[in-house]
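I have placed the structure first, in the form of structure tokens, so that the comments after it can refer back to it.
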Amino acid sequence: MTDSVLNSIIIGWMLVAVISFFYLLRKPAPYGRYAAPGWGRQMDARVGWIIMESPALAVMLAYLLYYFRTLDDMTLWLMLLYIGHYTYRALIYPFRLRNTVKKTSAVVVGSAVFFNLVNANLLGYSFTYVADYPPDIGFETSFQTGAMLFFVGIWFNIKSDNRLIRLRKESPQAYVIPYGWLYRWVSCPNYLGEMIEWTGFALMAQHLASWSFVVWTVANLLPRALLHHQWYLRTFPDYPERRKAVIPYLL
Ligand code: NDP
């Protein structure tokens, strides 16, 4: 495939993300607090997470093993960072969700599988056929900023998720107001962390597919953060007034 064909496919895929963004602003993906009947067969949320996220892990692992001998060190490390994230998301995070009584729908699982298959293939292909990193890339300011953002994003994401997992354990049936840590400023610091993480990744990876992944992450999580925030405001009359949805002091 030529670079221009690949770029056209990726740009088309980003346009689908923009359409999804506006759709998800009006209709949240029906899982978690928005779970509702009428979205196909329901399955255990934990099983759903494993099925949804494993394709991303499997695809990138396949690219890595198949092209292993041809990969330079930087490409290998970037692919390992992605694999590390998805090992956590597909195989560890679902088992940390205690007391989960929630179901998730086949429609959510099916669309997430599709999303992960396309993204992981675009990224895997770009790492193995397009990326060509200079030996001194690690000294570039943009790369170093990206590395810092990637790890800060993971920290924000996991630490914020940990709070919610603990709240769900203490209160298996009801939602409660999260306090402390980044919840002082925003309702969804876990989503903020995830968006920062993949922005950092794109600054390191420096190809269009990694920016397309950022666009998709924002298209999935920004509308959900805005809807979560409105839901908190509607549900809890004593919800902290100065807290924003996802970006402190702004949004
Ligand atoms: P949520 O914040 O909606 O829920 C996470 C967990 O915390 C669920 O078990 C939920 O329970 C529980 N929880 C949430 N709020 C409360 C509360 N106020 N009181 C008690 N329990 C609560 O996150 P998601 O499930 O949407 O996402 C989970 C992770 O996956 C996040 O880290 C997110 O960044 C990531 N993700 C990434 C995407 C991407 O495109 N890269 C897309 C979607 C998610 P319950 O299930 O009952 O609601």
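Both counts, for ligands and for their atoms, begin at 1 and track the order of listing. In this chain, numbering begins with 1 at the start of the sequence shown.
The ligand atoms of ligand 1 that sit less than 4.0 angstrom from a heavy atom of Glu194 are 32 (O), 33 (C), 34 (O), 35 (C), 37 (C), 41 (N). Per-residue contacts place Leu97 under 4.0 angstrom from the following atoms of ligand 1 (heavy atoms of the residue considered): 9 (O). The contact set between ligand 1 and Asn220, taken as ligand atoms under 4.0 Å from a residue heavy atom, comprises 40 (O). Using a 4.0 Å cut-off to heavy atoms of Gly32, the atoms of ligand 1 that qualify are 46 (O), 48 (O).
With Arg33, Arg96, His228, Gln173 as candidates, the residue nearest to atom 15 (N) of ligand 1 on a non-hydrogen basis is Arg33. Of the listed options Tyr34, Tyr175, Phe213, Tyr31, Tyr175 places a heavy atom closest to atom 22 (C) of ligand 1.
Some N or O of Val176 is nearer than 3.5 Å to an N or O of ligand 1, by distance alone. Between Tyr86 and ligand 1, no pair of N/O atoms sits closer than 3.5 Å. Looking at Trp216 next to ligand 1, no N or O pair under 3.5 Å apart turns up.
Only the side chain of Leu221 comes within 4.0 Å of ligand 1, judged by heavy-atom distances.
At least one heavy atom of Trp49 sits less than 4.0 Å from an atom of ligand 1. Contact analysis puts Tyr93 in contact with ligand 1, with a non-hydrogen atom separation below 4.0 angstrom. Using a non-hydrogen distance threshold of 4.0 Å, Tyr232 registers as a contact of ligand 1.
Partner His85 forms a ring-ring contact (aromatic ring centres under 6.0 Å, His included) with one of Phe213, Trp198, Phe201 and no other, that one being Trp198. Tested against Arg89, the residues Glu53, Glu197, Glu194 include a single salt bridge (charged side-chain N to carboxylate O under 4.0 Å, His left out) partner, Glu194. With Ser187 as the fixed residue, the side chain to side chain donor-acceptor pair (under 3.5 Å) test singles out one of Gln230, His229, Arg243: His229.
Side-chain contact between Ile177 and Tyr183 is absent, with no heavy atoms from C-beta onward closer than 4.5 Å.
A donor-acceptor pair is defined here as one N or O able to donate and one able to accept, closer than 3.5 Å; such a pair exists between the side chain of Ser210 and the backbone of His207. A donor-acceptor pair is defined here as one N or O able to donate and one able to accept, closer than 3.5 Å; such a pair exists between the side chain of Tyr175 and the backbone of Arg33.
Taking the ring axis of Tyr31 as reference, the NZ or CZ atom of Arg224 stays within 45° of it and closer than 6.0 Å to the ring centre.
Note: His228 and Tyr34 have tilted aromatic rings, judged against thresholds of 30 and 60 degrees for the angle between ring planes.
Tyr67 and Thr75 share no side-chain donor-acceptor pair at under 3.5 Å.
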